[in-house]
Amino acid sequence: MHGFHHRAVADLPDWAGDLNNYYWRIRNEGRDKTKRRKYYRRVRAERLRLVEAGICLNKVDAVCKYLVSLKQVNADRMHVALESEPQQLSFNF
């Protein structure tokens, strides 16, 4: 387990399946920059699709940050972000 002690295993929400797949492919493409760029473009499009579908941007960002690093610290932050309620915007008249 040398080198992988910081890795965390966290449950992802159902809507994060495609992001998980794309980040896995980015990690495993290695040195082929054209394939990695292709998957980074797909990540960008998926993030935009999720935000337009009504998922809070903070939740999408937290999941992506965890998927980039797979660290326990980011897994904990992701769980906090996923369990927090989105703030309702209000105007004080």
**Q** List for me each residue that meets side chain to side chain contact (heavy atoms under 4.5 Å, CB included) alongside A10, sequence neighbours excluded, and say none if there are none.
**A** Y66, A75, M78, H79
**Q** Is there a side-chain contact (heavy atoms from CB on, under 4.5 Å) between V60 and C64 once you walk through the steps?
**A** CA-CA 6 Å; V60 175; C64 289; 4.3 Å; yes
**Q** Could you state whether Y39 and L48 fall into the same hydrophobic cluster, counting links through intermediate Ile, Leu, Val, Met, Phe, Trp or Tyr residues with side-chain heavy atoms under 4.5 angstrom apart?
**A** no
**Q** Just verifying a value: how many Å separate E29 CD and R36 CZ, rounded to the nearest 0.5 Å?
**A** 9.0 Å
**Q** Would the distance check show the side chain of R27 and the main-chain N or O of L67 forming a donor-acceptor pair, the cut-off being under 3.5 Å?
**A** yes
**Q** To the nearest 0.5 angstrom, please state how far the CD atom of E46 sits from the CG atom of N20.
**A** 11.5 Å
**Q** Is the side chain of N28 donor-acceptor paired with the backbone N or O of W24 at a distance under 3.5 Å, no angle test?
**A** yes
**Q** Nearest 0.5 Å, please: how far is CH2 in W15 from CZ in R49?
**A** 10.5 Å
**Q** Identify the two heavy atoms, one from A81 and one from N58, that lie closest to each other, and give their separation to 0.1 Å.
**A** CB-O, 4.4 Å
**Q** Mind checking what makes salt bridge (Lys or Arg N to Asp or Glu O under 4.0 Å) contact with D18, not counting sequence neighbours?
**A** none
**Q** So with a 6.0 Å cut-off around CG of D11, is the heavy-atom count from everything else above 12?
**A** no
**Q** In Å, rounded to the nearest 0.5 Å, how long is the span from CZ of R47 to CD of E52?
**A** 13.0 Å
**Q** Kindly indicate, with the supporting measurements, whether the criterion side-chain contact (heavy atoms from CB on, under 4.5 Å) is fulfilled by I26 and V68.
**A** CA-CA 9 Å; I26 290 168; V68 166; over 6 Å; no
**Q** Got a second to check how far L50's CG is from D61's CG, nearest 0.5 Å?
**A** 11.0 Å
**Q** To the nearest 0.5 Å, how far apart are NZ in K71 and NZ in K65?
**A** 8.5 Å
**Q** I want to check something: taking the side chain as every heavy atom from C-beta on, are T34 and K38 in contact at a cut-off of under 4.5 Å?
**A** no
